[in-house]
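Here's the structure, in structure tokens; my notes come after.
These values consider heavy atoms only, across backbone and side chains, with no hydrogens, waters or symmetry-generated copies. All ligand and atom numbering here is 1-based and tracks the order in the structure.
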Amino acid sequence: MRVVVIGSGGREHALAQKISESADLEKLFIIPGNPGTASCGENVPLNINNNNEVVNFCKSNEVDLVIIGPEQPLVNGLGNALRERNILVFGPDQSAARIESDKSFAKMIMKFAGVPTAHYIEFNELMYEHAVEFIKNKKYPCVIKANGLAAGKGVVICDTPAEAQVTLRSFFIDKDFGKAGESVLIEEFLEGEEASVFAITDGENFICLPPSQDYKKIGDDDKGKNTGGMGAYAPAPIVTNEIMNEVAEKIIKPTLRTLQDEGKKFIGCLYAGLMLTTEGPKVIEFNCRFGDPETQSVLPLVKGNFLGLLHSAAKGKLDDNLVSYNGGSSVCVVVASKGYPETYQVGFDITGLDKILGNVTVFHAGTKNIAGKLVTNGGRVLGITSVLNNVNFSEAKKEAYDAISKIHFNNMYYRKDISNRAIKIK
Ligand code: AMP
Ligand code: GLY
């Protein structure tokens with residue numbers, strides 16, 4: 001098979017690595033890729049937000065399957081553009097990707113499907129005064145969310161009416177969230193632990209990969225700003241088999257059916273961001289793609305023909321016998337540039353990666369090769385991932401952090417507590 005992976009982050013490095021292990025692979029291209037993906041296939045420097053560029057490349061290189069990593073090209077309709085030219089795609093069309101890009105659409109699908117989620121009310125700019133009145137009598141904390149795509153940063157948890165007031169101002173008057181914040185959802189605050197579940201689907205049938213947990217806040221003990229994710233581990237022990245069955249039956253299955261009934265069949269990875277409440281799992285958000293950094297800890301736990309699985313989903317005939325959980329555990333710690341998720345510097349030499357051996361894999365995200373030297377080139381720079389063939393989070397954590405101690409670049413920052421939640425549960 002001739003395969004393209006779209007994207008350039010740690011998630012895409014993990015995808016490319018897994019796919020490169022497949023016996024079915026003839027040639028792998030990564031568009032645009034990063035220095036890590038260069039060791040799995042050929043990087044091709046194209047603009048992934050230009051559908052024509054990507055489609056033309058795939059046509060002239062006789063590509064059999066395209067796997068789309070990030071949400072933006074999916075929301076831009078890259079899936080549609082490729083399918084129109086008869087290229088198989090793992091990733092939903094624009095209309096189904098709305099489940100991530102339009103939170104009020106996601107809520108409507110959940111309502112039709114009977115999927116448990118937080119109660120909410122939507123307000124747009126014209127309803128600013130109503131929103132201000134509404135928050136005066138709300139239960140606190142409450143959650144105010146941008147309706148559109150905001151790279152994981154469009155959610156504010158408000159502890160008091162005064163904070164909610166300031167937040168509404170920042171959305172509607174100061175327009176801090178741009179177009180994404182032209183309308184907002186004011187949502188009930190859900191209590192519990194979070195978990196991420198990936199369902200690989202052909203639109204109807206699906207299989208769930210091992211559940212994981214992401215660490216979204218920049219600081220230890222979940223302090224500070226929200227980020228794209230600072231680390232993850234899998235399989236999350238809090239998601240028991242019973243909870244997993246409940247997620248499959250009460251969340252994934254009815255959501256896929258409703259999307260299909262609405263004429264928006266979802267082919268790809270449906271990511272359910274869950275809150276495990278005392279009333280059972282509830283959806284915080286859906287994403288239309290694999291999570292980052294969860295993918296870096298989930299994929300190493302999948303054995304079998306992963307490329308075959310994605311290909312079968314893309315063809316519309318999921319073969320759920322192709323992969324299974326390998327019985328292992330993994331911890332991925334994101335090493336970032338100090339200052340992220342706000343401003344940070346780039347261009348610092350990265351050293352020590354050659355000293356990392358054994359059970360640890362280094363996934364590249366914000367890195368770049370300049371004159372043969374590897375330098376930092378983004379907020380999230382590397383995902384240091386330990387993988388064990390049994391479940392032992394204390395050991396997996398130790399191996400990940402031992403590896404990090406061998407790495408150096410200026411302004412290096414990482415959380416010290418990734419996987420502590422799993423260690424506490426065990
Ligand atoms: P989202 O981008 O919707 O996943 O939200 C980002 C983060 O905000 C989530 O991972 C949660 O930690 C938090 N969050 C979002 N919605 C809620 C909610 N209704 N209740 C509690 N926390 C929430
Ligand atoms: N790690 C959260 C996300 O991928 O959206």
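- Checking N43 against N34 by side-chain atom types alone, no donor-acceptor pair falls below 3.5 Å.
- Y344 has its ring centre no less than 6.0 Å from the ring centre of Y413.
- Heavy-atom proximity to D214, at under 4.0 Å, picks out these atoms of ligand 2: 1 (N), 2 (C).
- Protein residues with a heavy atom closer than 4.0 Å to ligand 1 are K103, A118, V143, K145, V155, I157, E187, E188, F189, L190, E194, K216, M275, I284, E285, listed by chain and number.
- Identified under the ring pair (Phe, Tyr, Trp, His ring centres under 6.0 Å) test for residues 249-283, with sequence neighbours left out: F198-Y271.
- Judged by distance alone, with hydrogens and angles left aside, the side-chain atoms of N80 form a donor-acceptor pair with the main-chain N or O of Q94 at under 3.5 Å.
- The aromatic rings of Y401 and Y414 lie tilted to each other, with the angle between the two planes from 30° to 60°.
- Figure legend: R98 and F105 shown as a cation-pi pair, the cationic atom lying under 6.0 angstrom from the six-membered ring centre and within 45 degrees of its axis.
- Between R11 and ligand 2, no N or O atom pair is found at a separation short of 3.5 Å.
- Ring pair F29/F57 is perpendicular by interplanar angle, where above 60° counts as perpendicular and below 30° as parallel.
- When each atom of ligand 2 is checked for a heavy atom of N287 under 4.0 Å away, the hits are 5 (O).
- Of the heavy atoms in F290, none comes closer than 4.0 Å to ligand 2.
- The shortest N or O to N or O distance between G291 and ligand 2 is not under 3.5 Å.
- Contacts of E294 with ligand 2, taken as heavy-atom pairs under 4.0 Å, involve the side chain alone.
- Residue G228 approaches ligand 2 through these ligand atoms, each under 4.0 Å from one of its heavy atoms: 1 (N), 2 (C).
- No donor-acceptor pair under 3.5 Å is formed between the side chain of R380 and the backbone N or O of A336.
- Of all atoms in ligand 2, listed by their number and element, those nearer than 4.0 Å to a heavy atom of R289 are 3 (C), 4 (O), 5 (O).
- Judged by distance alone, the side chain of T277 and the main-chain N or O of P281 form no donor-acceptor pair under 3.5 Å.
- A perpendicular orientation is assigned to the rings of F172 and Y128, their planes being inclined by more than 60° (bins at 30° and 60°).
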